[in-house]
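Positions are given from 1, in the same order as the sequence printed here.
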Amino acid sequence: MFSHVTVGTNDMAASRRFYDALFTAIGGRAGVFDDEGKLVYIKDGRMFMVIPPIDGEAACHANGGTIGFALADPQAVHVWQEAGVAHGGTAVEDPAGVRHKAGRQLYLAYLRDPDGNKLCAVHVMG
């Protein structure tokens, strides 16, 4: 559905450590910088980018916004969350586990990245 997702950062080095850990934990590769200084991750044909805000203002997270990562199984959700916490992220909301939403059974975990962006790992169980 989405071609790409971009988040802002105030500390590129901290974001790179954090997102490199998340992407390698789920079988992706470490990020690379493009010619414009954007940190780019590509996995399964989708692109995720980390940038300092173009307007020169401080980066901040979206209140109520969440970026979801679809993962293969509950173990991948745990590995993703553990990698994030070990590299500057914060586990938020309920502990990783099963949730029932919109008639589906989901296995979820939530993190905030070093800049406060809210992320979710999800495995659709049924």
Side-chain angles (χ1 to χ4, degrees):
M1 178 181 291
F2 302 107
S3 65
H4 68 281
V5 174
T6 303
V7 296
T9 186
N10 295 307
D11 185 340
M12 188 62 80
S15 288
R16 186 174 197 182
R17 283 189 302 273
F18 178 82
Y19 284 107
D20 278 1
L22 284 190
F23 277 89
T24 58
I26 61 172
R29 289 187 244 161
V32 296
F33 287 98
D34 71 6
D35 293 340
E36 297 175 346
K38 296 174 184 169
L39 181 57
V40 179
Y41 297 87
I42 298 173
K43 181 163 185 339
D44 300 332
R46 306 294 192 272
M47 187 167 38
F48 183 88
M49 294 178 288
V50 182
I51 66 168
I54 294 169
D55 65 5
E57 298 293 324
C60 61
H61 60 275
N63 187 21
T66 303
I67 298 166
F69 292 80
L71 300 182
D73 55 49
Q75 179 60 30
V77 171
H78 281 281
V79 170
W80 176 90
Q81 188 177 49
E82 290 165 3
V85 169
H87 290 86
T90 305
V92 295
E93 298 198 15
D94 294 329
V98 176
R99 312 285 195 285
H100 298 278
K101 301 205 183 261
R104 299 187 305 166
Q105 188 173 357
L106 308 172
Y107 198 92
L108 302 175
Y110 290 92
L111 288 170
R112 292 244 183 223
D113 76 2
D115 288 290
N117 295 296
K118 187 173 164 188
L119 312 172
C120 176
V122 60
H123 170 67
V124 178
M125 301 173 77

| request: Run the numbers on Ile67 and Val7 for side chain to side chain contact (heavy atoms under 4.5 Å, CB included), then give the verdict. | output: CA-CA 9 Å; Ile67 298 166; Val7 296; 3.2 Å; yes

| message | I'd like to know if Val79 and Leu22 are part of one continuous hydrophobic network [Ile/Leu/Val/Met/Phe/Trp/Tyr, side-chain heavy atoms within less than 4.5 Å]. | response | no

| query | Which atoms form the tightest heavy-atom contact between Thr66 and Cys120, and what is the distance? | reply | CG2-CB, 3.8 Å

| request: Kindly give the cluster partners of Val92, where membership spreads through any ILVMFWY side chain lying under 4.5 Å from a current member. | output: Leu106, Leu108, Tyr110, Val122, Val124

| query | Any link between Val5 and Ile26 through a network of hydrophobic side chains (Ile, Leu, Val, Met, Phe, Trp, Tyr) touching at under 4.5 Å? | reply | yes

| query | How far apart are the closest heavy atoms of Leu71 and Ala121, and which atoms are they? | reply | CD1-CB, 3.6 Å

| Should Met49 and His4 count as side-chain neighbours, where that means a heavy-atom distance under 4.5 Å? | yes

| query | Pairs in or reaching into residues 11-29: which pass salt bridge (Lys or Arg N to Asp or Glu O under 4.0 Å), with residues at least two apart or in two chains? | reply | Arg16-Asp20

| message | Quick test of your reading: applying side-chain hydrogen bond (donor to acceptor under 3.5 Å, both in side chains), list the pairs with at least one residue in residues 49-65, sequence neighbours left out, ordered by first then second residue. | response | none

| Looking at Ala25 and Ala83, what are the two nearest heavy atoms and their distance? | CB-CB, 3.7 Å

| field | Distance-minimising heavy-atom pair for Gly37 and Met12 | value | O-CE, 3.9 Å

| Between the main-chain N or O of Ala21 and the side-chain N or O of His87, is there a donor-acceptor pair closer than 3.5 Å? | no

| said: Using every non-hydrogen atom in the two residues, find where Ser15 and Val50 come nearest and quote the distance to one decimal. | reply: CB-CG1, 3.9 Å

| How many angstroms lie between atom CD1 of Ile51 and atom OG1 of Thr6, to the nearest 0.5 angstrom? | 5.5 Å

| Where Ala14 and Pro114 come nearest, the two heavy atoms and their spacing | O-CG, 4.0 Å

| query | What residues, two or more places apart in sequence or in another chain, satisfy side chain to side chain contact (heavy atoms under 4.5 Å, CB included) together with Ala96? | reply | His78, Gln81, Tyr107, Ala109

| Any donor-acceptor pair under 3.5 Å from Asn10 side chain to Ala58 backbone | no

| task | Could you pull out all residues at least two apart from Glu36 that satisfy side chain to side chain contact (heavy atoms under 4.5 Å, CB included)? | result | Asp34, Lys38

| What residues, two or more places apart in sequence or in another chain, satisfy side chain to side chain contact (heavy atoms under 4.5 Å, CB included) together with Ile42? | Val40, Met47

| field | Pairwise salt bridge (Lys or Arg N to Asp or Glu O under 4.0 Å) hits with a residue in residues 107-126, at least two apart | value | Glu93-Lys118

| task | Applying ring-ring contact (aromatic ring centres under 6.0 Å, His included), name anything that partners Phe69, two or more places apart in sequence or on another chain. | result | Phe23, Phe48, Trp80

| Pair Leu119-Tyr19, side chain to side chain contact (heavy atoms under 4.5 Å, CB included): steps then yes or no | CA-CA 11 Å; Leu119 312 172; Tyr19 284 107; 3.7 Å; yes

